[in-house]
Amino acid sequence: MKKIGLYYNFDTVKTKRVANKIKEAFENSGEYEIVAVDVDEKLTEEQFMEYDYMLLGAATWMDGELPYYWDEFVPAMEDLDMNGKHIAIFGLGDQKNGTENFQDAIGLLGYLLEDRGAKLYGFTNTEGYEFEESYGVRDDKFMGLSIDIENQAALTDERIEAWVKQLQEEGF
Ligand SMILES: Cc1cc2nc3c(=O)[nH]c(=O)nc-3n(C[C@H](O)[C@H](O)[C@H](O)COP(=O)(O)O)c2cc1C
């Protein structure tokens with residue numbers, strides 16, 4: 001059974017809901033054990049480095065910023081060697097109200113960790129979304145899963161199902 005660390009802030013509402021659905025989808029396959037880790041001020045580098053396969057959840061806040069709980073951990077991440085780490089990021093954003101910074105958090109975490117040696121998985125098509133700009137898009141693909149509960153809640157479950165299947169096919 002493959003163990004995966006699922007990192008998100010337990011006090012969020014929407015991010016937590018998406019995280020739980022992702023956990024369920026992985027566990028339904030019977031091949032994975034998902035261990036949730038709270039990203040808050042108590043998160044240690046040791047906890048962050050515990051798993052080689054990592055799912056990271058981050059909403060985009062305030063014109064393209066990371067939520068404070070990830071932002072506070074950025075200085076620690078800047079010093080980490082992420083070689084050998086396999087990372088898939090799921091983002092939450094609002095393509096209407098955040099149209100110039102849609103899902104920037106995916107890119108903020110993605111580039112930071114990739115620059116330190118991590119391998120990113122689960123890039124997805126931008127078709128079906130309407131927005132101006134995103135730091136979370138590279139070569140026309142989101143650098144992870146893009147969830148928009150404000151405008152496209154009805155698509156959330158199928159997007160998660162497809163993403164988890166894709167990750168399994170990518171060998172995650
Ligand atoms: C003050 C505020 C600023 C936001 N800024 C952005 C943004 O710049 N880009 C974006 O894609 N979404 C933006 N959003 C949308 C959030 O990412 C979205 O509501 C998300 O579902 C929040 O998840 P959470 O409640 O788990 O943190 C913003 C939301 C709020 C409330």
Side-chain angles (χ1 to χ4, degrees), residues 4-27 34-44 47-48 51 54-78 87-115 118 120-164 166-167:
I4 298 180
L6 170 62
Y7 294 83
Y8 66 98
N9 180 274
F10 289 6
D11 291 329
T12 51
V13 176
K14 293 175 195 154
T15 305
K16 180 159 74 181
R17 205 185 304 152
V18 172
N20 282 333
K21 286 182 178 192
I22 291 172
K23 184 177 195 291
E24 220 177 278
F26 268 107
E27 287 178 345
I34 309 290
V35 185
V37 182
D38 195 2
V39 178
D40 68 357
E41 71 278 1
K42 293 191 292 295
L43 179 70
T44 63
Q47 284 174 311
F48 192 70
Y51 304 98
M54 308 164 69
L55 293 158
L56 312 183
T60 298
W61 281 10
M62 303 295 178
D63 298 331
E65 288 180 29
L66 285 173
Y68 71 89
Y69 47 86
W70 275 119
D71 209 38
E72 286 170 358
F73 197 63
V74 165
M77 282 193 278
E78 283 174 340
I87 293 180
I89 302 168
F90 59 99
L92 285 83
D94 179 335
Q95 62 198 286
K96 282 204 180 120
N97 290 319
T99 193
E100 287 174 7
N101 306 89
F102 183 50
Q103 301 286 9
D104 280 10
I106 297 178
L108 290 167
L109 285 180
Y111 284 112
L112 178 67
L113 295 164
E114 195 178 54
D115 285 350
L120 302 181
Y121 291 73
F123 286 25
T124 55
N125 281 324
T126 54
E127 279 154 36
Y129 302 82
E130 265 182 55
F131 58 95
E132 296 292 326
E133 269 189 57
S134 175
Y135 187 61
V137 170
R138 182 165 74 197
D139 300 334
D140 289 331
K141 292 206 164 199
F142 290 111
M143 296 163 71
L145 173 66
S146 169
I147 295 294
D148 182 344
I149 290 181
E150 273 75 19
N151 306 294
Q152 298 179 326
L155 298 177
T156 298
D157 286 3
E158 62 192 72
R159 282 176 172 163
I160 289 172
E161 289 293 330
W163 192 58
V164 170
Q166 179 188 334
L167 286 174

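Both counts, for ligands and for their atoms, begin at 1 and track the order of listing. What you see below is based on every heavy atom in this structure, not just the backbone, and it leaves out hydrogens, waters and symmetry mates. No experiment lies behind these values; they were computed from the predicted model shown.
Considering backbone and side-chain N/O of L92, one or more are found under 3.5 Å from N/O of ligand 1. Annotation: W61 places an N or O atom under 3.5 Å from an N or O atom of ligand 1; distance criterion only. Residue I149 has no nitrogen or oxygen atom sitting less than 3.5 Å from a nitrogen or oxygen atom of ligand 1, judged on distance alone. For ligand 1, the polar-atom distance check finds an N/O of T15 within less than 3.5 Å of one of the ligand's N/O atoms.
Of the candidates N151, T60, V18, the one placing a heavy atom closest to atom 13 (C) of ligand 1 is T60. Across I106, D94, I147, N97, heavy-atom proximity to atom 12 (N) of ligand 1 is greatest for D94.
W61 places no side-chain N or O within 3.5 Å of a backbone atom of Y68 that could act as its donor or acceptor partner. For the pair Y129 (side chain) and S146 (backbone), a donor-acceptor distance under 3.5 Å is present. Counting only distance, with no hydrogens or angles, the side chain of T60 and the backbone of F102 share no donor-acceptor pair below 3.5 Å. Between the side chain of Q103 and the backbone N or O of I147, at least one donor-acceptor pair lies under 3.5 Å. For the pair W70 (side chain) and G57 (backbone), a donor-acceptor distance under 3.5 Å is present.
Near T12, meaning under 4.0 Å from any of its heavy atoms, are these atoms of ligand 1: 26 (O). Here is the list of ligand 1 atoms found below 4.0 Å of a heavy atom in D63: 5 (N), 8 (O). If you number the atoms of ligand 1 from 1 as listed, the ones under 4.0 Å from a heavy atom of F102 come out as 11 (O). Atoms of ligand 1 found under 4.0 Å from any heavy atom of Q103 (numbered from 1 in listed order, with element): 11 (O).
Side-chain contact between L66 and V74: present, with at least one pair of heavy atoms (C-beta onward) separated by less than 4.5 Å. With contacts defined as side-chain heavy-atom distances shorter than 4.5 Å, the pair S134/D104 qualifies.
Nearest non-hydrogen protein atom to atom 19 (O) of ligand 1 is E150 OE2, 2.7 Å. For atom 21 (O) of ligand 1, the nearest non-hydrogen atom of the protein is K14 CD, 3.3 Å. Nearest non-hydrogen protein atom to atom 4 (C) of ligand 1 is M62 N, 3.4 Å. Nearest non-hydrogen protein atom to atom 9 (N) of ligand 1 is N101 O, 3.1 Å. When hydrogens are left out, the protein atom nearest atom 23 (O) of ligand 1 is A59 CB, 3.5 Å; that is the closest non-hydrogen contact.
Aromatic ring pairs are classed by plane angle as parallel below 30°, tilted from 30° to 60° and perpendicular above 60°; the pair F142 and F131 is tilted.
Remark: aromatic rings of Y111 and Y135 are close, center separation under 6.0 Å.
For G64, the closest heavy-atom approach to ligand 1 falls below 4.0 Å.
Using modelled atom types, one finds no donor on one side chain facing an acceptor on the other under 3.5 Å when comparing N151 with Q95.
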